[in-house]
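The chain is numbered in sequence order, starting from 1.
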Amino acid sequence: MLNVITGIISGLASGLGIGGGTILILVLTVFLGIEQHVAQATNLIFFIPTSIVAIIVNIKNKIIDKKLAITISIFGVIGAIIGASIANKTDVISLRKYFGVFLGIIAIYEIYSYFRKYILKNKRDNNK
């Protein structure tokens, strides 16, 4: 049952564009006890159908810059090949630490973005 719930939550997060893979990897490693390499590889397989659905919906809504998407996709594939090669050569403990640092950086960025967008804006609006 946890697998179904994990899939639904990760799919929702992916559909919203906030990275369901991050949630998926976290649940697979922490709650299901799956090794980091396996969790990351599973995430990549999960990413294929969810991204295809998101692409179809966004193309239908005409909100994709196709030229930009093609350029990013080409270099994303190159980056994925390099990243997968590095991940395969990295031990599990280090890979988990790097993933944790990555999540920490994202969290800090999100908090900072929220602060800039809402807190400072409200402060400026109240000073007018």
Side-chain angles (χ1 to χ4, degrees):
M1 187 63 170
L2 186 57
N3 295 348
V4 173
I5 293 168
T6 301
I8 290 171
I9 291 170
S10 297
L12 285 170
S14 291
L16 292 170
I18 57 175
T22 304
I23 294 166
L24 181 63
I25 292 172
L26 185 66
V27 171
L28 291 175
T29 56
V30 174
F31 297 109
L32 298 177
I34 295 175
E35 183 185 314
Q36 188 78 23
H37 286 95
V38 175
Q40 287 184 206
T42 302
N43 173 57
L44 295 174
I45 295 299
F46 161 82
F47 185 74
I48 295 168
T50 57
S51 62
I52 289 171
V53 171
I55 289 167
I56 291 169
V57 169
N58 288 314
I59 285 175
K60 196 174 189 180
N61 291 328
K62 298 179 181 173
I63 56 173
I64 291 181
D65 180 336
K66 291 177 185 167
K67 184 178 178 182
L68 177 62
I70 290 169
T71 302
I72 291 172
S73 296
I74 291 168
F75 289 98
V77 168
I78 294 168
I81 292 167
I82 295 167
S85 298
I86 293 169
N88 283 331
K89 294 175 183 166
T90 305
D91 65 283
V92 174
I93 294 170
S94 296
L95 195 58
R96 288 186 89 156
K97 288 178 184 175
Y98 299 147
F99 185 68
V101 168
F102 171 72
L103 290 180
I105 291 169
I106 290 174
I108 291 167
Y109 174 77
E110 290 299 323
I111 291 167
Y112 175 74
S113 295
Y114 175 82
F115 180 77
R116 280 190 62 204
K117 186 171 184 178
Y118 296 106
I119 306 298
L120 294 179
K121 182 180 182 285
N122 287 339
K123 201 174 190 178
R124 280 191 300 258
D125 291 345
N126 290 335
N127 289 333
K128 288 184 179 179

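- Between Ser73 and Ala69, the closest heavy-atom pair is OG-O, 2.7 Å.
- Within 6.0 Å of CD1 on Ile78 lie more than 12 heavy atoms contributed by other residues, nucleotides or ligands.
- Here the side chains of Gln36 and Leu28 are not in contact, with every heavy-atom distance at 4.5 Å or above.
- Remark: the backbone N or O of Ala84 is paired with a side-chain donor or acceptor of Asn88 at under 3.5 angstrom.
- Remark: Ser94 engages Asp91 in a side chain to side chain donor-acceptor pair (under 3.5 Å) (not counting sequence neighbours).
- Side-chain contact between Thr42 and Ile34 is absent, with no heavy-atom pair separated by less than 4.5 Å.
- Between atom CZ of residue Phe99 and atom CD1 of residue Ile25 there is a gap of 4.0 Å, rounded to the nearest 0.5 Å.
- The distance from atom CD1 of Ile45 to atom CG of Leu24, rounded to the nearest 0.5 Å, is 11.5 Å.
- Environment of CZ in Phe47: sparse, with no more than 12 heavy atoms of neighbouring residues, nucleotides or ligands closer than 6.0 Å.
- Every ring pair (Phe, Tyr, Trp, His ring centres under 6.0 Å) that Tyr118 has, sequence neighbours left out, goes to Tyr114.
- Residues Ile64 and Ile56 do not share a hydrophobic cluster, defined by chaining ILVMFWY side chains whose heavy atoms lie under 4.5 Å apart.
- A continuous path of ILVMFWY side-chain contacts below 4.5 Å connects Ile5 to Val27, so both sit in one hydrophobic cluster.
- Once rounded to the nearest 0.5 Å, the distance linking CE of Met1 with CG of Asn3 reads 10.5 Å.
- Here the CG-CD1 distance, from Leu103 to Ile108, works out to 11.0 Å after rounding to the nearest 0.5 Å.
- For the atom pair CD of Gln40 and OG1 of Thr29, the computed distance is 9.0 Å after rounding to the nearest 0.5 Å.
- Grouping the Ile, Leu, Val, Met, Phe, Trp and Tyr side chains by contacts below 4.5 angstrom, directly or via other members, places Leu95 apart from Leu32.
- Separating the CD1 atom in Ile106 from the OG atom in Ser113 is a distance of 11.5 Å, to the nearest 0.5 Å.
- Grouping the Ile, Leu, Val, Met, Phe, Trp and Tyr side chains by contacts below 4.5 angstrom, directly or via other members, places Ile9 with Phe46.
- Both Phe31 and Val38 are assigned to one and the same hydrophobic cluster, defined by single-linkage of ILVMFWY side chains at heavy-atom distances under 4.5 Å.
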